[in-house]
Amino acid sequence: MEDVRTEAAPPTPPNGTLRPVDLRDIDDAIKQLRHERDASGTQTYLLNLVVVAGTGADATPAQAVAAVVSASYPSRTIIVHQEAGSESRLDAALAVPPAGTGGASEQIVLNVYGDAVRQVAVTVSSLLIPDIPVVVWWAGDTPFGLPIFSQLVDIAEQIIVDSGAFLHPLQAWEQMERFIRDEYASVVFTDLSWLRLMSWREMTAQFFDAATTRPYLDNIHGLRVTYAVGDSQSVNPIPALLYGAWLATRLGWELVPNLRRVGRDSLLVLRHRDTPLTIECVGQNAANAANGSVLGVELTAHNMDGTATFALTRTDDPAHIRSTHVMEGQSPEERMLPYEERDSADLLSSQVSAVRRDAVYEDVLDFLAPIASAGGGR
């Protein structure tokens, strides 16, 4: 095996103090740092959390999120950075968050250069705590097809990604659908972009709880999803498409071949029981909202009593969503629903505690994959 140098040249830590460490002495180094932090120097672990977070220069946010997660679920956290350079080298450092941060665990930081990437899985495996779950959080662009991903997926029970961060998300969804169904059926895949839509999905379902509105559910003929385009003008229709695909899969809608386009303003043409309907995803400038975040949804439906419109809209109050529905011949009904924009740390914490497959999300991937294969993601 090719020799790989191991030195210490760590990035700036998100909290605590990073110290150079020789991987051969990692256990003793952790005990020493813990003795300095508290009297016992011991730690109970619930999780192995492996984070692949770009380069050390731009990875501080991911490291900070990992620290929050480990405060709730004490973890052996291993942060992997892929650095530029031709020299085959692996640098290591260790950080234990300062006293007063609850159960927050140490972070082992690995900076990987050149061909040393081939040994990442072996190195990470040697650092894992045995007999507890291994979760890999890929914090960046699509991992599929990269050697480091292929190595890490083999040791993981769960892979967490954020399709909203992918440069070509539709193609990535097609690859992920293949991974889930065929190549890695035993590994749980989780998408943070999908999890961020949970409140929107729950609020939509509430429209049709009442006996007076439920008949409209099977007669929706149009959906319009508005999403934020930030100051950079970068376009991220991913959450809007995920929301539309969720509704389509729950109601049995089918894509009409060759009648779809995807861009800032996306249009999907579908049918339900031979009746045509459309999903529109419309980008709207919104400097104060996260790029790609859903700003509002509007469903139009009809039955023998006439047409109805159901809408959810963000307001100036970030803690509430305006819910409105109007049925033909009746006065509009409006109410304010509580809403919380969940951050990555909160979403990750909610997932690492229970590793389980999400059949609904897998159905959504099945629905979206043909869009990419037909060139819709270009």
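Residues: numbered from 1 along the sequence shown.
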| field | Ser344 vs Leu192 side-chain heavy atoms within contact, under 4.5 Å | value | yes
| request: List the atom of Leu242, the atom of Leu368, and the distance in Å for their closest heavy-atom pair. | output: CD2-CD1, 3.9 Å
| Taking a hydrophobic cluster as the set of Ile, Leu, Val, Met, Phe, Trp and Tyr residues connected by side-chain heavy atoms closer than 4.5 Å, whether directly or through intermediates, do Val282 and Leu299 fall within one such cluster? | no
| message | Tell me whether Asp141 contacts the main-chain N or O of Leu167 through its side chain, where contact means a donor paired with an acceptor under 3.5 Å. | response | yes
| task | Return yes when atom CG of Asn288 has more than 12 non-hydrogen atoms of other residues, nucleotides or ligands closer than 6.0 Å, and no otherwise. | result | no
| request: Kindly say whether Pro215 contributes a backbone atom to a donor-acceptor pair with the side chain of Asn219 at under 3.5 angstrom? | output: yes
| message | Using the salt bridge (charged side-chain N to carboxylate O under 4.0 Å, His left out) criterion, which residues pair with Asp366? Sequence neighbours excluded. | response | Arg181
| task | Measure up the Phe208 and Phe310 rings against each other and bin them: parallel (under 30°), tilted (30 to 60°), perpendicular (over 60°). | result | tilted
| query | Hey, does Val136 have a side-chain heavy atom less than 4.5 Å from the side chain of Phe149? | reply | no
| Are Met198 and Arg342 close enough that some pair of their side-chain heavy atoms sits under 4.5 Å apart? | yes
| Sub-3.5 Å donor-acceptor pair from the side chain of Gln284 to the main-chain atoms of Thr226, do we have one? | no
| task | Spell out, as yes or no, whether a donor-acceptor pair under 3.5 Å connects the side chain of His272 to the backbone of Leu277. | result | no
| remark: Ser193 and Gly164 have their tightest heavy-atom pair at OG-N, 2.9 Å
| Within the distance-only criterion (no hydrogens, no angle test), does the side chain of Asp191 pair as donor or acceptor with the backbone N or O of Ser163 below 3.5 angstrom? | yes
| request: Check whether any side-chain heavy atom of Ile279 lies under 4.5 Å from a side-chain heavy atom of Trp253, and answer yes or no. | output: yes
| query | Does Met203 share a hydrophobic cluster with Val326, counting links as ILVMFWY side-chain heavy atoms below 4.5 Å and allowing steps through other members? | reply | no
| said: As an exercise, state the distance from OG1 of Thr278 to CG of Leu223, rounded to the nearest 0.5 Å. | reply: 8.0 Å
| task | Is it possible for you to say whether Val51 and Leu23 belong to one hydrophobic cluster, with membership spreading through side-chain heavy-atom contacts below 4.5 Å? | result | yes
| At their closest point, which heavy atom of Val120 faces which heavy atom of Gln151, and how far apart are they? | N-OE1, 3.7 Å
| query | Is a side-chain donor-acceptor pair under 3.5 Å present for Glu340 with Ser199? | reply | no
| task | Can you label the angle between the His325 ring and the Phe207 ring as parallel, tilted or perpendicular, going by 30° and 60°? | result | perpendicular
| query | Is a donor on one side and an acceptor on the other found under 3.5 Å between the side chain of Ser75 and the backbone of Thr77? | reply | no
| task | Compare every heavy atom of Arg264 with every heavy atom of Tyr227, then report the nearest pair and how far apart it is. | result | OH-O, 2.5 Å
| At their closest point, which heavy atom of Ala116 faces which heavy atom of Arg89, and how far apart are they? | CB-O, 3.5 Å
| Closest approach of Tyr184 to Ser150 (non-hydrogen atoms, all atoms of both residues) | OH-O, 4.1 Å
| request: Determine whether more than 12 heavy atoms belonging to other residues, nucleotides or ligands lie under 6.0 Å from atom CZ of Arg214. | output: no
| task | Please answer whether the main-chain N or O of Leu127 pairs with a side-chain N or O of Arg76 as donor and acceptor at a distance below 3.5 Å. | result | yes
| Those residues that, when tested against Glu334, pass salt bridge (charged side-chain N to carboxylate O under 4.0 Å, His left out) (two or more places apart) | Arg322
| query | What about Leu241 and Leu295, same hydrophobic cluster or not, with Ile/Leu/Val/Met/Phe/Trp/Tyr joined at side-chain heavy-atom distances under 4.5 Å? | reply | no
| field | Backbone N/O of Ile30 and side chain of Glu106: donor-acceptor pair under 3.5 Å | value | no
| Co-membership, hydrophobic cluster, residues Ile132 and Val134, 4.5 Å side-chain | yes
| Any Arg314 side-chain heavy atom under 4.5 Å of Ser293 side chain | yes
| said: Between Asp265 and Gly283 (side chain of the first, backbone of the second, donor and acceptor by atom type, cut-off under 3.5 Å), is there such a pair? | reply: yes
| request: Compare all side-chain heavy atoms of Val109 with those of His81 and state whether any distance is below 4.5 angstrom. | output: yes
